[in-house]
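Taking it in order: structure first as structure tokens, then the write-up.
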8 protein chains.
Amino acid sequence: MDIKETRELLESVKNGSLDIEKALKKLEDLPFKDLGYAKIDNHRELRVGYPEVIYCAGKTVEQVKGIVEFMITKGNNILGTRASKEIYEAVKLICPKAEYNDKARTITIKNKEVETSSTYIAIVTAGTSDIPVAEEAVVTAEIFGNKVERIYDVGVAGIHRLFDRLNVIRQAKVIVVVAGMEGALASVLGGLVDKPIIAVPTSVGYGANFGGLSALLCMLNSCASGVSVVNIDNGFGAGYLSSMINKL
Amino acid sequence: MDIKETRELLESVKNGSLDIEKALKKLEDLPFKDLGYAKIDNHRELRVGYPEVIYCAGKTVEQVKGIVEFMITKGNNILGTRASKEIYEAVKLICPKAEYNDKARTITIKNKEVETSSTYIAIVTAGTSDIPVAEEAVVTAEIFGNKVERIYDVGVAGIHRLFDRLNVIRQAKVIVVVAGMEGALASVLGGLVDKPIIAVPTSVGYGANFGGLSALLCMLNSCASGVSVVNIDNGFGAGYLSSMINKL
Amino acid sequence: MDIKETRELLESVKNGSLDIEKALKKLEDLPFKDLGYAKIDNHRELRVGYPEVIYCAGKTVEQVKGIVEFMITKGNNILGTRASKEIYEAVKLICPKAEYNDKARTITIKNKEVETSSTYIAIVTAGTSDIPVAEEAVVTAEIFGNKVERIYDVGVAGIHRLFDRLNVIRQAKVIVVVAGMEGALASVLGGLVDKPIIAVPTSVGYGANFGGLSALLCMLNSCASGVSVVNIDNGFGAGYLSSMINKL
Amino acid sequence: MDIKETRELLESVKNGSLDIEKALKKLEDLPFKDLGYAKIDNHRELRVGYPEVIYCAGKTVEQVKGIVEFMITKGNNILGTRASKEIYEAVKLICPKAEYNDKARTITIKNKEVETSSTYIAIVTAGTSDIPVAEEAVVTAEIFGNKVERIYDVGVAGIHRLFDRLNVIRQAKVIVVVAGMEGALASVLGGLVDKPIIAVPTSVGYGANFGGLSALLCMLNSCASGVSVVNIDNGFGAGYLSSMINKL
Amino acid sequence: MDIKETRELLESVKNGSLDIEKALKKLEDLPFKDLGYAKIDNHRELRVGYPEVIYCAGKTVEQVKGIVEFMITKGNNILGTRASKEIYEAVKLICPKAEYNDKARTITIKNKEVETSSTYIAIVTAGTSDIPVAEEAVVTAEIFGNKVERIYDVGVAGIHRLFDRLNVIRQAKVIVVVAGMEGALASVLGGLVDKPIIAVPTSVGYGANFGGLSALLCMLNSCASGVSVVNIDNGFGAGYLSSMINKL
Amino acid sequence: MDIKETRELLESVKNGSLDIEKALKKLEDLPFKDLGYAKIDNHRELRVGYPEVIYCAGKTVEQVKGIVEFMITKGNNILGTRASKEIYEAVKLICPKAEYNDKARTITIKNKEVETSSTYIAIVTAGTSDIPVAEEAVVTAEIFGNKVERIYDVGVAGIHRLFDRLNVIRQAKVIVVVAGMEGALASVLGGLVDKPIIAVPTSVGYGANFGGLSALLCMLNSCASGVSVVNIDNGFGAGYLSSMINKL
Amino acid sequence: MDIKETRELLESVKNGSLDIEKALKKLEDLPFKDLGYAKIDNHRELRVGYPEVIYCAGKTVEQVKGIVEFMITKGNNILGTRASKEIYEAVKLICPKAEYNDKARTITIKNKEVETSSTYIAIVTAGTSDIPVAEEAVVTAEIFGNKVERIYDVGVAGIHRLFDRLNVIRQAKVIVVVAGMEGALASVLGGLVDKPIIAVPTSVGYGANFGGLSALLCMLNSCASGVSVVNIDNGFGAGYLSSMINKL
Amino acid sequence: MDIKETRELLESVKNGSLDIEKALKKLEDLPFKDLGYAKIDNHRELRVGYPEVIYCAGKTVEQVKGIVEFMITKGNNILGTRASKEIYEAVKLICPKAEYNDKARTITIKNKEVETSSTYIAIVTAGTSDIPVAEEAVVTAEIFGNKVERIYDVGVAGIHRLFDRLNVIRQAKVIVVVAGMEGALASVLGGLVDKPIIAVPTSVGYGANFGGLSALLCMLNSCASGVSVVNIDNGFGAGYLSSMINKL
């Protein structure tokens, strides 16, 4: 809102053509709920019907419980990521319909139906060990209302496995590639498809993978265009961003 | 193409319902032109009307000239990135309509009109020094047929400058954020808009920015969702990917 | 003490206007107590009434106990940082009024009242997971006699939360910003306030945060002026330095 | 401004107790001047009489000239940092009273007198080679209206040189320590004085100093309390922050 | 298969000189078995009689069991690497002849005899602590049908131990050097023998070995020619590659 | 030579069955020529007819000239690597048949014919910019007597280019893969061929390639077996090692 | 032994002036005992009466026991470093006089008296947490026959503690400085004393100390001359080297 | 000087047995000459007859000239390191007997004879390219009065060259090893000699040597005892420290 618009708004208030509550609505800052240790953003939910998200790592069981308790009063869907089994058990006590995906380490609470997209997101892994990160992306994309196709264990060491599934991948609207070790799958797919690729480096591997640094650098330096990268092991981020693109 | 489809194709050839040339077309690998030192991909152009792209860094003037000479016989638009002035002068001799953007260090040769998208890409920089990288993204996005809005010098050190332009940014279909130093602009925008953000870390800064590593790590670790990252100073990559998303 | 002053002192001793003990006092090095495994500095306490500080990490329970036993004979306040519960239990046996803050992992022993400053230190966190480090800063600042305002969970992913508390932050004399992941909060606040900011990167995050390196580099490369940085997770250091500045 | 205050403001506008222009003043965003490639912040100047600052690195001569041309119409003092001699020559043509400090590589334009603080900032270097960074801090601190004491070449390799100047350092209100190589001077001074220390690691040194990383890590890990760190070679940042603290 | 060959193949199908199944065989992609979480490559086995390999790290016990269950139906030899004792116990239940090497942490299942090479691979370690990595190489090389000579604990700190065994090393067809700490053994051997050396840096050591980085960099920078490097602690990779070279 | 053999040798000398000069021959250390600033190894040449190799980087023109002057008296072939044009000009003065490859930056002096291997080495690059490093490998392999096939610009961004040349690559005895950026070509080839692969990471790329680190880590972490790695840009090392393997 | 000396030796054998056994003695390589998994060097012991040293980390209990069992048959003193309590218990069973220092984590077995040097080694630590590393140096230096002075907890945060003990340090023949965090003590001492300093960086600290990297870089970049560095936490190395220098 | 000694001194002053000037002498801090930009330490020269040392890098020609001008009034020998030819020319104008070593890039001014040690320092390089760093060590050691033996180009790639010179190396009192690339020479020599080794990593090499990091890490992680390390390319430091040890 620039100065001119603000002046007009104030003039409308002054001459009574705009009542105070409506003006307030336009001027007010984004509201949120303050729990002391956490401030819950009510804003997005109002606007786009998105589920609430709780990043559970580094929060105590009590803190997560408190946040969930407040959120369920709103009736929205809830997604908890990086949740230990212990946190899930505590959440389940206050919300019996909470579900736990132990590969993805996510808690989901479905309070209302989400309409599912007609286009789909392809979520592709290089190996079996990358599946937990991919599952976090799957759970995220699904609770945000996206159709997902899983294509797992198609890494470049046996590239025929990839070609076999290329048709399914090519028909996706957006592609998430989850790979550890050298992460070459992102580059190879980048040269084979004409869709945006979100690359997720994983910490899978050993030795000079340095906790996922090898896959991260590989993906950032991809010689193929159309590839962007999120943080190491960040399945949630890839799921969220792919949802955003899938719904464009 | 899976085994079943391939068997059917062969049967069609055998029983004469598919002639050899058409079968060949389906089976053949993607064709390309071999110049010896470079293999030019004719494929994408045929499929999507994309311009040809030449990454000029690390190529000799003679090599770039040879590639351009072949490409212009095809009648497509051409984009040369990371091109020195010297390379441009040589290209101009064989193609007088070649244009040079000296901030972006790009050569563009427009051989046919490109239809421009109705939706637009917002290309945002934190500072004045990030403009060259942003311009590479702008030139790329434009030659791929996208409408672009430039929003420059709105970094978080004076955050009111950003808020002033927020409306323009929010109405874009996809956002490119170009920032050096600590790269915080990507995170801040990620919290303010509901569109995919492609973050480009730049090597702008000094000391412990370690050639762009600070902005890169900052962007990868963004606390805001919806942000993905391309390589340091990779304006082309961001322009290409944002074009891909803008056209979805 | 320069040469001229020293000559005058010696002349005063020679002519008897200064007795040997007083001269000695001026000349002697700063005294300390030697426990063998640790040398306790009596100096600061005499001068400024500061509490004694014990960095407990890497010390055995027996060593911490020995240091506390000596310190309590002095009647000063005592602060133990990075203290395990086990160390606290041992200290409590010899000093029942010792208190433990299990978020901050600090032991405090209050032997005398400390006058509290009229101006205050704002201690701000980006997220809920940064609270333990912030609490170490709070405990430190308070035992050194400062008034503290906690502003927690106001990170840039939901920047309206920050604006809502901006007035409280702006009225502080000095600001401590505790943030992990990309640490952008320090830069954003640096552009919004006109007070010295002490930034504390935390190891909160995952993947390419590399144990706090991402936030550290982000804060060091802040495009906003007025920001300086202490070590990763160093809540004590920030509390101590902010106390020093608050009391100027 | 929270919702309650905003509602009251709107009510005052409606009932005429506050006129539109005054309301606008309270609501409007921070204004700035838009030069296209740069947005100049008029805000701070109005509020605090600070000089304008231009970070010249990465800007073209034309861009710096354009910014200076606009700024001098305001009558404020101007500080250009990281300015090449070439930029200075161009600025001098449009502003003859511009001065250049070739050690600090700064341009200063003094359009009005600045009142100087009574307390002073001690700016200390470990070696002769650290002087350019220190001078950038000195120029910055002085144009912001601070008294400065230079204490140069007192590194720990000859610690008696430091002790000789300790009195001058101790009487400062805040201390800037500029050191390369291993940067130990910051820790040593941190143990000797009771004032806030802003440590500036420099890239002075060779081999495993890795462009200033050795001094940076040393200073961040200082065993002495009261030390915080700015970016490598960031004399401006240290000068600015020390000014902020000196004026508390 | 290039375009000409493909056309000829199609023509042979059309004119009946090649039946569909044979054509299919030539055209079909490399086949594999899809277990959902893993795609097992049947290809190599058919072609070269190699054993199947399972990288067990990051796979659940159930996943490894499922893979083994499928593989043993094929009658090939099987090698599981990075296998915990727990995984081995589970495998043993379904395949009693499975054997476990607890230094190498490998599972081997021998379903048929492998002919052993006449030439041998020398597997050399610098110290006793490097033996587990070397054993992984030994197990791998042996199950792929190679004769192996172990030469352990001949590091350069006591170089006479190396000279004593030099004859055995020199008569190998290819040499695997396993060394941690500074990894100098690879360079020294590189200067003494005239055979390809595969260097395996290990994470053995402490302090500034940074998890094997010191040995890795040392080996990559070897002043002696004829040395190439595999990943840190990658005994399997060295065993596999040395087998490939030994059989040339 | 072990103790037993040495005793026998001494007994043979004592009883006159072996004359002193022959015994000396067996006992003497490997001889070399001492030029003061360099010790030239005569040994390998005697044994295997290899050419002499001079690494020219870091040596003065005078030093290289001196070394060449001595070497040409021996009549062997000579290879100079990392040679500037200036060094070549100086060498040409004393040895007119010296040739310079300005892509590879090598000097070659052919004094005698080398028999060429029947099997060949495939030297493969991902891009055009990787050619200089590949050419160093080619020149090296050829002067050591190997047949070489160049396969350039077949990187994974257009993987059909690679498949088109796969037959030529597969029939090589050993493969050198030269790639910068993310270096994925090594992994992809590793999954497609059954021959030893020597991967050479190059410093080609920009941003987060960190001087070749991205390709280096990618190649070290290759998910495909049979890949080992030499130093960044080390064309000579790859050429030498591939020659060693090709001649097994 | 050069060629001339060898010829003379052979002539002496031939003419009988030297018997075969004596010649053999001169020619034979350094002997060692081969236990299979370890080769024990008998050499040093014969020459200099040094104790045997076992680096226990990465060795199994059985391996250490086996090595000790062999060594004690020789009657020498034995030093085991990085030994767990569990290893000690096993060793004690076969050698009851074995002693364990649980700070240094060393096992010592004294089978004969060692003469103690008249000059002494000063072993200095910055903090209490550095003591375990220092004790490893102390134990090592003592069993190698050196007199040692411990000066603990004299870091630069309270530099008067250092000055108080400076006389003792200055009279040492060689000084070992053990320090973590920023490791500044080595530089400060280097400027104050005129004796060789062996600096041992420790992993003591947190955050950006990166496992001792901060102290390591600090010490390597010391502005004071006369300082050299051993590996992080390498108390044994410092003890050994200081012994070597102390006995010159 | 401890408290007891100080009291006695003051009593002597009081009772007249010590006059003020003599007491002052004992009490005063180490004196130095202040040139403004540099403080010259007169102390060491008085005590030990050492030459003055100027580290020229990062100092202007004028600054070096000023320092030399002052120093030559003292009549001591002078050593300038890292001196450009330009600096030398300027120094020669004011001191014609100044000499320049263009390999070592040192200026030496010999104003008085230095007695040369009977024992010697062996200065050893791995390659020809390491000679400049070694020469800096040689010049330093010689002007400090040491006899030096140069043993150049004996790296481990041709280890017989090393064995040939082993006798000369073993008879040195202390050994300086200068090596780049992987720096293995330090470890190998460490296992062969029984003297203190000062290892100097050099930045010689390419690719993954990362400016000397590979040699640095290699040397720090040496499996041989008795090796300590100075900074990359720090020939002066090694020369100085070896002089210190040689004179013990």
Side-chain angles (χ1 to χ4, degrees), chain D residues 101-105 123-135 138 149-169 178-185 188 192 201-215 217-218 232-233 235, chain H residues 27-45 47 52-64 66-67 81-82 105 133 136 178 180 199-204 209-217 219-220 229-238 240:
Chain D
N101 178 324
D102 60 1
K103 268 183 289 191
R105 300 181 65 233
I123 298 186
V124 185
T125 78
T128 302
S129 309
D130 301 313
I131 291 178
V133 176
E135 283 294 305
V138 167
E149 285 288 333
R150 288 172 175 89
I151 300 100
Y152 287 173
D153 196 25
V154 294
V156 301
I159 208 165
H160 55 288
R161 303 176 304 184
L162 175 65
F163 287 123
D164 187 67
R165 304 299 305 278
L166 210 46
N167 268 350
V168 177
I169 299 172
V178 183
M181 297 185 172
E182 92 288 54
L185 182 57
V188 170
L192 290 169
T202 72
S203 52
V204 168
Y206 55 91
N209 81 328
F210 298 123
L213 183 64
S214 57
L217 290 185
C218 177
I232 296 166
D233 290 338
Chain H
L27 284 169
E28 73 189 357
D29 259 326
L30 310 176
F32 53 87
K33 166 73 183 178
D34 194 338
L35 298 185
Y37 51 83
K39 293 181 179 50
I40 302 172
D41 192 338
N42 296 328
H43 181 68
R44 291 196 161 171
E45 136 202 22
R47 222 169 39 203
E52 311 271 5
V53 181
I54 313 167
Y55 175 69
C56 299
K59 294 200 178 70
T60 64
V61 173
E62 283 316 299
Q63 288 175 336
V64 174
I67 295 171
T81 63
R82 310 274 161 134
R105 302 182 63 232
V133 175
E136 195 186 58
V178 182
V200 190
T202 73
S203 52
V204 167
N209 81 328
F210 297 123
L213 182 65
S214 56
L216 172 63
L217 289 184
M219 288 165 166
L220 282 169
V229 187
V230 296
N231 201 356
I232 297 166
D233 292 336
N234 189 5
F236 167 74
Y240 185 96

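Proteins get letters first, then strands, A, B, ... in listed order; numbering begins at 1 in each. In this text the structure is predicted, and so the values were computed from the model without any measurement.
Only the backbone of H:Phe210 comes within less than 4.5 Å of a heavy atom in chain D; its side chain stays farther off. At a 4.5 Å heavy-atom cutoff, the contact between H:Asn234 and chain D is made by backbone and side-chain atoms alike.
Closest approach of H:Ala57 and D:Ser129 over heavy atoms only: O-OG, 3.4 Å. Nearest heavy atom pair, residue H:Leu216 against residue D:Ala208, reads CD2-CB, 3.8 Å.
Note that CD of H:Gln63 is 9.5 Å distant from CG of D:Asp153, once rounded to the nearest 0.5 Å. Atom-to-atom distance recorded for H:Phe236:CZ and D:Tyr206:OH is 8.0 Å, nearest 0.5 angstrom.
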